[in-house]
Amino acid sequence: MLRMCRLSSKFVGSFKLSFSRAYASVAASPVTVTKSKTGITVVSVEDSAPASSISLVVKAGSREEGTDNVGVAHFLKNFAFKNTSTRTAFRTVRETELLGGFLSANLTRENLILSAEFLRGDLGYFMEILSDIIFKTKYDHHEFPSIKESVNFERGAAAAIPEVTTLNAAHAVAFRHGLGNSLFAGDSTKVSNSSDVRAFANKVYTASNIMIVGTSVNHNELLKLTDSLFQNISHTVPSTPIPSKYFGGECRISTPGDSHFVLAFLGAPVDTPEYAALQVLRFLIDGEKSTKWGEGVNALAQKASKLNDTKISSFNAGYSDAGLFGLHISGTATSVYSAARVAVEQLKHAANKISNDEFVRALAKARFNAAASYETRASKTEIFGNQVLFSGKVSTLAEALAQFDRFKVEDIQNVAAKILKGKPTAVALGDISTLPFSDSLSL
Amino acid sequence: MPYPTLYNTVKNSRFLYGLLKPVASFYANIAGYRQLGLRYDDILDDENDTAREALRRVSPKEQDLRNYRIRTAFQLSLQHNILSKEKWTKPEDDVRYLSPHLDEVVKEEEEREAFDAIKVVRK
């Protein structure tokens, strides 16, 4: 279930290492943070895993698009690992395959994450690959048609997943511009040639927009490579971003097949106590069960299993200055309607009276979710990338978990009451003649 | 260039260049393609995969102009005719728009063959 829309293109899938750890400790791997001479912050996590990874996190997400270059972030992501002045795209792929590496480019609403996973000795080569994307990509005109094809393919693939479509629409309705920009370049994109992409790249590739996360790499080596490879990084200060504004509203999309309904509210920026409280609320009302069998414990989970074909899951998307909290319900249109009614009831119940049982359960799930997010390389990269780029400091797992210890039942009730006061966002996909509007749900 | 050549020697030597450039210009002017309104790159063989890929990399506008030049030259050739003197291709217009792309494509093909034939040695 897609909690946060992220668009990824993975290139060399020849050899994906799966490392299993026999134990996980809360006292997680040591994190070192240094600001390199070039102005780029370098974070490395010593995982002691046999395979390393480095990621370049750039503030070049779909949020950075303006009205005159809608869709350019998607194109920029697809220009990663293409022809540079040092090596052709073909050579990059072949050499990576020979070294047993894995290159990927991921786009989120606020960041573009260029990653490489490889065996320990190859740090120099892959740092060069990533830095060449920033400085030496040729943006050849003759590559543009094939990149446009891949953009269209990815958009088509995403459009086939209703969860992605509804979440994308929810953001568009809730935030309109900035965070509301679609992750996927649409048919009506304003990008028509590679010079448009080059212009955008020149704007976003500056020292204050970039940071580097490495896992299982030697921090000093990574720092030295950053100093030498990123010497010529531009230091222009990017213009102050337009703060996110929440609007809310309705979106109805008629499609055949299953119906999907997203009910969302203005959430909280990530790394705030309110966000953590919303995480607890999220697991309080979540309709997913943690085991394969049985009915699930809370009211929504039981409703979902009673309706048999329905799936109810909550999400809490946090960005640098706003967030989106809500539920995604899917099934037949009438089931979705009744599930949506129960969901609203549960939210109201959470705003008034939460039993200690429910609170303890939700707290435990929230803590687990936080711990799990510090477990995988991809998730760690995103967390640290966001923290460094948007707030300048890194917080460890221990600090993240400590936040939950401070909560009392009233905190969760207050945050639930707060979100219910705001204007809801509703996206209905499927049989829209049956699906509810947000005001038919007695919010 | 696949064959041994003194191209770079001449280009870098002011004496040799000054000596040979007028001869080369004279040859290009009487070769006949300029009288038909063509550029040198229009004459290159384009019925192979390398040239086709190189042609794909030329902008659509340039491709249209090329097609027009080739058609007028073909018509003139049928009529056993040439253009009037003002319409001959001027030396400054005789730009090599295709050869750089051809060189690029050849290099890429060689790179592919090199990688296909690579011998991997474990460190």
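The structure displayed is predicted, hence computed values, not measured ones. Below, each value reflects all heavy atoms present in this structure, side chains not excepted, and no hydrogens, waters or symmetry copies. Residue numbering restarts at 1 for every chain, and letters A, B, ... go by the order of the sequence lines.
The distance from atom CG of A/D140 to atom CD of B/E104, rounded to the nearest 0.5 Å, is 6.0 Å.
When the shell of 6.0 Å around CZ of B/R52 is examined, it contains 12 or fewer heavy atoms from other residues, nucleotides or ligands. Residue-environment remark: OH (A/Y125) exceeds the threshold of 12 foreign heavy atoms within 6.0 Å. Counting heavy-atom neighbours within 6.0 Å of B/E92 CD, excluding the residue itself, gives a total above 12. Within 6.0 Å of atom CD in B/E109, more than 12 heavy atoms from other residues, nucleotides or ligands are found, so the atom counts as buried in its surroundings.
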Evaluate the criterion side chain to side chain contact (heavy atoms under 4.5 Å, CB included) for residue pair B/E108 and A/R91; output intermediate values, then yes/no.
CA-CA 9 Å; B/E108 286 175 14; A/R91 185 169 152 206; over 6 Å; no
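Two residues are said to be in side-chain contact when any heavy atoms from C-beta on lie closer than 4.5 Å; A/R94 and B/E111 fail this criterion.
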